[in-house]
Peer 1: 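The structure under discussion is supplied below as structure tokens; questions concerning it will follow.
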Amino acid sequence: MAAKWTLITGASEGFGVEFARIAAAEGRDLILVARQAAKMERLAEELRARHKIAVEVWPADLREPDAVEALWRKAALRRHIEIVVNNAGLGANGPFAGQGFDREMASVMVNVTALTILTKRAVAHMLQQGGGRILNVGSTAGFMPGPNMAVYHATKAYVLALGEAVAEELRGTPVTVTTLCPGATATNFARDAGMEGIRLFTALRPARAAPVARAGWRAMKAGRRVKVTGLHNWLFSIGPRFVPRAVVPRIAAVFLK
């Protein structure tokens, strides 16, 4: 029987590190994927020493579809990938017309294309292997359009829609898909996306990554389809249902400036 493994993307910092620590504490062998090998190696050393598990570090650029396919083929070779955490994500803050396209295109490739490839490959693999769980990290951004972060919000709407649809297709099987939808969180994502000065982060206290990751992990293990963390994030997620569609982007814009 193939050994059971957990694969985590975006595993060099933020949620990825927290998911790795949670999985390791449960005795799960890990494949850590990100571009920053040095950070993952330090994390791997920590987890191996503390939990006596196998941890493999695979640097990869998820902006390249061929690299994502190669990553999956390597991961699934003589392994049962029991859990996949699609955590890698990119964003960019600024007006759509004024943005350079490289960062936004990279966001689409990582947030949408890479996540779709890994989800699709994982579903087929897990059905064949007798079961598994997929945790896709979305965002409350997926519930509404986001002026000044138009592409990022659009990618997270895709993640949410994909996850819910595939979860329904898999109803009654031993494979589940959970979409975690956190709000503003104290990770390096905000710095990298140029978001640290916007109202979403200055007016609202960002959550800590560790409890959000634990909530997402519990939801995944329970087979829940969507998990929104935090009261104000839950209000953000349901608010658009009760407001005229044309007004929703205006409200979002207040928090994204």
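On a predicted model such as this, the values are computed, not experimentally measured, just so you know.
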Peer 1: Test R42 against E45 for salt bridge (Lys or Arg N to Asp or Glu O under 4.0 Å), laying out the working first.
Peer 2: CA-CA 5 Å; R42 289 193 292 272; E45 290 175 7; over 6 Å; no
Peer 1: Drop me the distance from T113's OG1 to E64's CD, to the nearest 0.5 angstrom.
Peer 2: 11.0 Å
Peer 1: Given T155, which partner from the list V110, V108, L90 fulfils the side-chain contact (heavy atoms from CB on, under 4.5 Å) test?
Peer 2: V108
Peer 1: Consider only side-chain heavy atoms of I, L, V, M, F, W and Y, link residues closer than 4.5 Å, and tell whether I238 and L160 are in one cluster.
Peer 2: yes
Peer 1: Calculate, to the nearest 0.5 Å, the distance between atoms CZ and CE belonging to R133 and M126 respectively.
Peer 2: 10.0 Å
Peer 1: Would you check if the side chain of H80 reaches a backbone N or O of G130 as a donor-acceptor pair within less than 3.5 Å?
Peer 2: no
Peer 1: Please examine the side chains of I83 and M220, heavy atoms only from C-beta on, and report whether any two atoms are closer than 4.5 Å.
Peer 2: yes
Peer 1: For a 4.5 angstrom cut-off between non-hydrogen side-chain atoms, does P147 reach F96?
Peer 2: no
Peer 1: Counting distance only, does the side-chain N/O of D29 pair as donor-acceptor with the main-chain N or O of A54 below 3.5 Å?
Peer 2: yes
Peer 1: Do C181 and V226 come close enough that some side-chain heavy atom pair is under 4.5 Å?
Peer 2: yes
Peer 1: Taking all non-hydrogen atoms of both residues, which atom of G89 and which atom of N111 are closest, and how far apart?
Peer 2: CA-OD1, 3.2 Å
Peer 1: Is there a side-chain contact between N136 and T119 (heavy atoms, below 4.5 Å)?
Peer 2: yes
Peer 1: With a 4.5 Å cut-off on side-chain heavy atoms, are I81 and I31 touching?
Peer 2: yes
Peer 1: Could you walk me through whether V85 and W217 satisfy the side-chain contact (heavy atoms from CB on, under 4.5 Å) test, starting with their C-alpha distance in whole Å, then the side-chain angles of each, then the deciding distance to 0.1 Å, before giving a yes or no?
Peer 2: CA-CA 9 Å; V85 181; W217 190 266; 4.1 Å; yes
Peer 1: What residues, two or more places apart in sequence or in another chain, satisfy side-chain hydrogen bond (donor to acceptor under 3.5 Å, both in side chains) together with R225?
Peer 2: E168
Peer 1: Find the distance between CD (E18) and CZ (R208) and round it off to the nearest 0.5 Å.
Peer 2: 9.0 Å
Peer 1: Can you list the steps and then say if W58 with L32 is a side-chain contact (heavy atoms from CB on, under 4.5 Å)?
Peer 2: CA-CA 6 Å; W58 295 359; L32 306 180; over 6 Å; no
Peer 1: State, with a plain yes or no, whether a side-chain heavy atom of T140 is found less than 4.5 Å away from one of P182.
Peer 2: no
Peer 1: If every non-hydrogen atom of T179 is compared with every non-hydrogen atom of G163, which pair is closest and at what distance?
Peer 2: OG1-CA, 3.7 Å
Peer 1: Quick one: CZ on R73 to CZ on R121, what's the gap to the nearest 0.5 Å?
Peer 2: 8.5 Å
Peer 1: Ignoring hydrogens and geometry, is there a side-chain-to-backbone donor-acceptor pair from K156 to V137 under 3.5 Å?
Peer 2: yes
Peer 1: Check step by step if salt bridge (Lys or Arg N to Asp or Glu O under 4.0 Å) holds for E82 and R28.
Peer 2: CA-CA 10 Å; E82 187 180 31; R28 301 179 183 277; 3.2 Å; yes
Peer 1: Under a 3.5 Å distance rule, please check whether T178 uses its side chain to pair with a backbone N or O of R224 as donor and acceptor.
Peer 2: yes
Peer 1: Of all the heavy-atom pairs spanning A122 and I134, show the shortest one and how long it is.
Peer 2: CB-CD1, 3.9 Å
Peer 1: Does the side chain of L180 reach to within under 4.5 Å of the side chain of F19, using non-hydrogen atoms?
Peer 2: yes
Peer 1: Do you know the tightest heavy-atom contact between A88 and G10?
Peer 2: CB-N, 3.7 Å
Peer 1: Please report the shortest heavy-atom distance between A114 and V68, naming the atom on each side.
Peer 2: CB-CG2, 3.8 Å
Peer 1: Between V112 and V159, is the side-chain contact (heavy atoms from CB on, under 4.5 Å) condition met? List the steps.
Peer 2: CA-CA 7 Å; V112 173; V159 172; 5.5 Å; no
Peer 1: Indicate yes or no for a side-chain donor-acceptor contact from H153 to the backbone of A141 under 3.5 Å, with no hydrogens or angles considered.
Peer 2: yes
Peer 1: Any chance you could lay out the salt bridge (Lys or Arg N to Asp or Glu O under 4.0 Å) test for E56 and R79, step after step, and finish with the verdict?
Peer 2: CA-CA 13 Å; E56 297 194 13; R79 296 182 183 88; 3.0 Å; yes
Peer 1: Enter the distance from R35:CZ to T9:OG1 here, rounded to the nearest 0.5 Å.
Peer 2: 12.5 Å
Peer 1: For a salt bridge (Lys or Arg N to Asp or Glu O under 4.0 Å) check, start with the C-alpha distance between E69 and K74, then their side-chain angles and the critical distance, and finish with the verdict.
Peer 2: CA-CA 9 Å; E69 292 280 15; K74 180 181 175 182; over 6 Å; no
Peer 1: Measure the NZ-CG distance between K120 and L115 for me, rounded to the nearest 0.5 Å.
Peer 2: 13.0 Å
Peer 1: Compare all side-chain heavy atoms of R241 with those of F143 and state whether any distance is below 4.5 angstrom.
Peer 2: no
Peer 1: Find out if a path of hydrophobic residues (ILVMFWY) with successive side-chain heavy-atom gaps under 4.5 Å connects M109 to F101.
Peer 2: yes
Peer 1: Step by step, would you call L170 with V123 a side-chain contact (heavy atoms from CB on, under 4.5 Å)?
Peer 2: CA-CA 9 Å; L170 294 170; V123 166; 3.9 Å; yes
Peer 1: Please identify each residue that fulfils salt bridge (charged side-chain N to carboxylate O under 4.0 Å, His left out) with R50, with sequence neighbours left out.
Peer 2: E46
Peer 1: Looking only at heavy atoms, what is the nearest atom pair of A11 and V17, with distance?
Peer 2: O-CG2, 3.9 Å
